[in-house]
Number of protein chains: 2
Amino acid sequence: MIQTSPPPPKRPPARERILAASLEQMRRYGYAGTGIKAILVAAAAPFGSLYHHFPGGKEEVGAETIRRGGVAYRELVEAFYVDGADLGDATQTFFDEAAAFVESTAFVDACPIATIAGEIAATSDTMRQAADEAFESWLRVMERQFVAAGIDVGRARELSVELFCAIEGAFLLARTSHDAEPIRTVGRAVARSVREALAGARVPVG
Amino acid sequence: MIQTSPPPPKRPPARERILAASLEQMRRYGYAGTGIKAILVAAAAPFGSLYHHFPGGKEEVGAETIRRGGVAYRELVEAFYVDGADLGDATQTFFDEAAAFVESTAFVDACPIATIAGEIAATSDTMRQAADEAFESWLRVMERQFVAAGIDVGRARELSVELFCAIEGAFLLARTSHDAEPIRTVGRAVARSVREALAGARVPVG
DNA sequence: TACGAACTAGATTGATCGATCTACTAGTTA
DNA sequence: TAACTAGTAGATCGATCAATCTAGTTCGTA
């Protein structure tokens, strides 16, 4: 028997492993608090591979890490804000599950990229832009659903911004206070705002 | 003429200078991204002084830095939320002036301790607790004024949490997007919530 | 099969890191 | 004035840092 196709790889390629490890490290310890060596140890990858795949060095790894984390969270947001969903309930559920998640990680993990973003906002324009784009992509997901539900474009944007700011602020407070209640608190407030906006929209579709 | 009291010091003592420099450095570059040497250069202070005044080392400097930044911002919050102030207007003004401030620093500075707090939340319990206490002190300022205006204690707490989360989330978004509008957006939303809570409270005093 | 490109591997480099250390200065008190 | 304490000054230390480098392996193509 001749094996004509190679067996599936036992593990992801080094580049993927590096990014996954980088995200785990940087979300908790920040950009400057994460060393290249720690990433490589976690990724089981060599120094040469990192600089081969990311010739821009640590900053390039950081920017890709932000993009990767941003895409993952956008997909999470999309899982709550599905087409046709009750947006008030979706919002409530989103915050309640965020609270449960933060608790389940013993208040270590919350937003995958906020810690990095806050840290590099003043020092790396490459990474700042990656974070800006990631956040914007989340806002767009929510905004699109609000508009589809009949809320006017301006109000949809405002709601999305309010929701984003609420969750990010609550993550910070939950992580420092070791209490997930602030996330639930702002979740109720935002869900109420969403429901009010929907009621004011008077959706003409059934 | 005998001078019986010493002349006022030309500059603050080293300990003060170190903390002031530390706050400036850490608020922008984060804890791990700020080196001891950079603090000392900015403070015009020697290595020996730092470890003399802060035998716990960098972590102790970080914790004191958080406390110092926390007190300064609490005083700023108190300047807006004065006794007897119209709390809806105070809230609106607070956010609008926060937006103007962030703009005036070219989106470099926002909250003095959020960047540090997010970074060390998972790695230093000493500093996490300092941040927790700082944030709690801000919440208390707002909560006290809401209660004094007749809002029930539970709702006052919620409002304070909503306000805190809104401003912190908006700071993050403003710094990454280089746009202060999100601060104004959430300011309008929170001011509206405050006004609604006040209207619902039906303050019996004139 | 040979060659080139892509990728892996990990040692090495000069710089920076936080902390320790020795020595000195200044201020206070008996 | 001498002794002590508080504080300043900055060199030094071992460890870690990001990046470079050399060498080897793997893969794809002609």
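Within every chain, numbering begins at 1; the chains are lettered A, B, ... in the order of the sequence lines, protein sequences first and strands thereafter. Worth saying up front: this structure is predicted, and the values here are computed from it rather than measured.
- Screening Arg175(B), Arg28(B), Arg27(B) for a side chain to side chain donor-acceptor pair (under 3.5 Å) involving Thr115(B) leaves a single residue, Arg175(B).
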### Query
Is there a side chain to side chain contact (heavy atoms under 4.5 Å, CB included) between Val190(A) and Ile167(A) once you walk through the steps?
CA-CA 9 Å; Val190(A) 177; Ile167(A) 193 73; over 6 Å; no

Would you tabulate the nitrogen or oxygen pairs shorter than 3.5 Å linking the protein to nucleotides 7-10 of chain C?
unit_1	atom_1	unit_2	atom_2	d
dC7(C)	OP2	His52(A)	NE2	3.0
dT8(C)	OP2	Ser49(A)	OG	2.8
dT8(C)	OP2	His53(A)	NE2	2.8
dT8(C)	O5'	Ser49(A)	OG	3.2
dG10(C)	N7	Phe47(A)	N	3.3
dG10(C)	N7	Gly48(A)	N	3.4
dG10(C)	O6	Gly48(A)	N	2.8

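- Near-neighbour residues of DNA chain D inside residues 31-42 of chain A, defined by a heavy atom below 4.0 Å, number-ordered: Thr34(A), Gly35(A), Ile36(A).
- In this structure, Glu16(B) places its CD atom 18 Å from P of dA6(D), rounding to the nearest Å.
- Of the residues in residues 112-131 of chain B, none lies under 4.0 Å from DNA chain D by heavy-atom distance.
- Side chains of Arg128(A) and Ser177(B): no donor on one and acceptor on the other come within 3.5 Å.
- A 4.5 Å side-chain heavy-atom check between Pro46(A) and Leu40(A) finds every atom pair outside the cut-off.
- Side-chain contact between Tyr31(A) and Thr65(A) is absent, with no heavy atoms from C-beta onward closer than 4.5 Å.
- Taking each heavy atom of Glu143(A) and Arg157(A) in turn, the nearest pair found is OE1-NH1, 2.9 Å.
- The separation between Tyr51(A) atom OH and dA19(D) atom P is 4 Å, rounded to whole Å.
- The aromatic rings of Phe146(A) and Tyr81(A) sit perpendicular to each other, their planes meeting at more than 60°, with 30° as the lower class boundary.
- Residues Ile113(B) and Cys111(B) are in side-chain contact: their nearest non-hydrogen atoms beyond the backbone lie under 4.5 Å apart.
- Look at OH on Tyr29(A): it is 13 Å from P on dC17(D), rounded to the nearest Å.
- Ala32(A) approaches Glu119(A) most closely through the heavy-atom pair N-OE2, 2.7 Å.
- The CZ atom of Phe54(A) sits 16 Å away from the P atom of dA6(C) (whole-angstrom rounding).
- Under the 30°/60° scheme for interplanar angles, the aromatic rings of Phe107(A) and His178(A) are found to lie parallel.
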